[in-house]
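So the structure is just underneath, and the comments pick up after that.
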2 protein chains.
Amino acid sequence: MADMLDRDTHDGAVRFGPLAESLGLLLRLSQLHSFHDFYTALERHHVRPGEISILMMIRENPGIRQGVLASALMIKRAHMAKMARRLEDAGLIERRVPPDDRRAMELRLTAQGELRAAEMTPDLEAHEARNFGGLTPEEAATLRTLLRKYLALDAPKED
Amino acid sequence: MADMLDRDTHDGAVRFGPLAESLGLLLRLSQLHSFHDFYTALERHHVRPGEISILMMIRENPGIRQGVLASALMIKRAHMAKMARRLEDAGLIERRVPPDDRRAMELRLTAQGELRAAEMTPDLEAHEARNFGGLTPEEAATLRTLLRKYLALDAPKED
DNA sequence: TATTGTTATACTCTATAACTATA
DNA sequence: TATAGTTATAGAGTATAACAATA
């Protein structure tokens, strides 16, 4: 269908060419695609996109230190500091200086934070259940497995 | 080592919990992971990350219209207008109003743009060849196939 | 009326470096 | 000296809405 195009006047289908083999671009477009649904699904909770994963990760790892969380989520420390402060101001997390290292900052959900996280969970799950794009559930499972391996998510990581 | 954790004082490995099944988060982290290498590999060409895919896409689709390109790359029209203008100012692309629709704007690489694209190609290819993360080349190929299907990249798309 | 591109604005995220207080 | 977190700043991406020209 696209083979009748004038070589120099584009009208119909877009050719990705070698870029269709670019893992980086495919990941970027896939992330945008996924994000679009994510955002509309979670919009009503009035939490910023980046904050949701932080809340959920703190729920899974109570007492996690800011820097550890930042590196797990590939967020810069400087940015994490701002977001953590904001979540504290919003009353969703508590930040506590541990006695053994007074430079550090441990993060935990407050009761209100737990509530908000619980409120968001159904919408998150609905988003995940819907977020298959053109994939079958089995293909989506394979995709997740490959992404985890790509990220070496189970192995310990350096900064 | 991590099994002696107090339920509430995190120190060792980070638990992703249900988030390890979140396609959205996995895509986001993977994209950041990939981008990190991409950025350092292409840094010396002094072209912004977003501009590289635009140049490469115009090379593949000479005469493509701004809006079509924007939707293919999932960039908002307003943003594309700025980037296209910038690339034009840099002398890398030419923007031409087609006679059949004088609202539109067709994009083509200039000679200088072709040169820059050609200069970047080896670094792009080196990045792609390196960008397997923890995957085997076969797994990376499967990952690309799944992402293309997730994106329905071959099928025509709505806005 | 609808569409293409443009401009303007505000917000989010990112990168960097300098700073403090602790270790 | 090195590390954890903070602050400040600049840059890049994104979302939205209002607008002009054209269809």
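Please read these numbers as outputs of a predicted model, since none were measured by experiment.
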How long is the line joining [atom1] of [X] and [atom2] of [N], in whole Å?
X       : N       : atom1 : atom2 : result
F38(A)  : dT14(D) : CZ    : P     : 16 Å
M105(B) : dA21(D) : CE    : C1'   : 11 Å
R77(B)  : dT6(C)  : CZ    : P     : 11 Å
R28(B)  : dG13(D) : CZ    : P     : 15 Å
H46(B)  : dA12(D) : NE2   : P     : 12 Å
Q66(B)  : dT3(C)  : CD    : C1'   : 14 Å
L29(A)  : dT14(D) : CG    : P     : 10 Å
R95(B)  : dA21(D) : CZ    : P     : 16 Å

Can [X] and [Y] be counted as an ion pair, charged N to O under 4.0 angstrom?
X       : Y       : result
E114(B) : R116(B) : no
R65(B)  : D100(B) : yes
R130(A) : E128(A) : no
K149(A) : E139(B) : yes
R86(B)  : E88(B)  : no

_Under 4.0 Å, counting only non-hydrogen atoms across every strand here, what does L107(B) touch: a base, just sugar-phosphate, or nothing?_
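No contact at all - L107(B) keeps every heavy atom at 4.0 Å or more from the nucleic acid.
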*Which part of the nucleic acid does L73(A) contact within heavy-atom distance under 4.0 Å: base, sugar-phosphate only, or nothing?*
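No contact.
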Which nucleotide, [options], lies nearest any side-chain atom of [X]?
X      : options                  : result
P49(A) : dT6(C), dC13(C), dG5(D)  : dC13(C)
R65(B) : dG5(C), dT6(D), dA4(D)   : dG5(C)
R48(B) : dC13(C), dA12(D), dT7(D) : dA12(D)

*Minimum heavy-atom separation for P49(A) to Y39(A), with atom names?*
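Heavy atoms only, the tightest pair is CG-CD1, 4.2 Å.
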_Heavy-atom side-chain contact between M105(B) and R96(B) under 4.5 Å_ =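 A side-chain contact under 4.5 Å is absent here.
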*Is there side-chain contact between E106(A) and R95(A), with at least one heavy-atom pair below 4.5 Å?*
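Side chain of E106(A) against side chain of R95(A), heavy atoms only: no contact under 4.5 Å found.
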Atom pairs and distances, donor-acceptor, side-chain atoms in residues 141-148 of chain A, under 3.5 Å, two or more places apart:
residue : atom : partner : partner atom : Å
T142(A) : OG1  : E138(A) : O            : 3.1
R144(A) : NE   : E21(B)  : OE1          : 3.4
T145(A) : OG1  : A141(A) : O            : 3.0
R148(A) : NH1  : A20(B)  : O            : 2.6
R148(A) : NH1  : E21(B)  : OE2          : 3.3

Extract from the structure each pairing of a protein N or O with an N or O of nucleotides 20-23 of chain C at less than 3.5 Å, listing the distance.
residue : atom : partner : partner atom : Å
dT22(C) : OP2  : R102(A) : NH2          : 3.4
dA23(C) : OP1  : R102(A) : N            : 3.0

*Do R59(B) and T121(B) get their side chains close enough for a donor-acceptor pair, meaning under 3.5 Å?*
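Note: R59(B) and T121(B) side chains meet the donor-acceptor criterion.
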*Map M80(A) and L32(A) onto DNA chain D by nearest heavy atom, then report which one ends up closer to the 5' terminus.*
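Of the two residues, M80(A) wins.
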_Within the 4.0 Å limit for protein heavy atoms, which parts of nucleotides 15-20 of chain D are touched? Write it as a string from 5' to 3', B for base, S for sugar-phosphate only, - for none._
SBB---
*Kindly say if R86(B) contacts the phosphate of dG11(D), meaning a side-chain N or O under 4.0 Å from OP1 or OP2.*
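Checking R86(B) against dG11(D): no side-chain N or O falls below 4.0 Å of OP1 or OP2.
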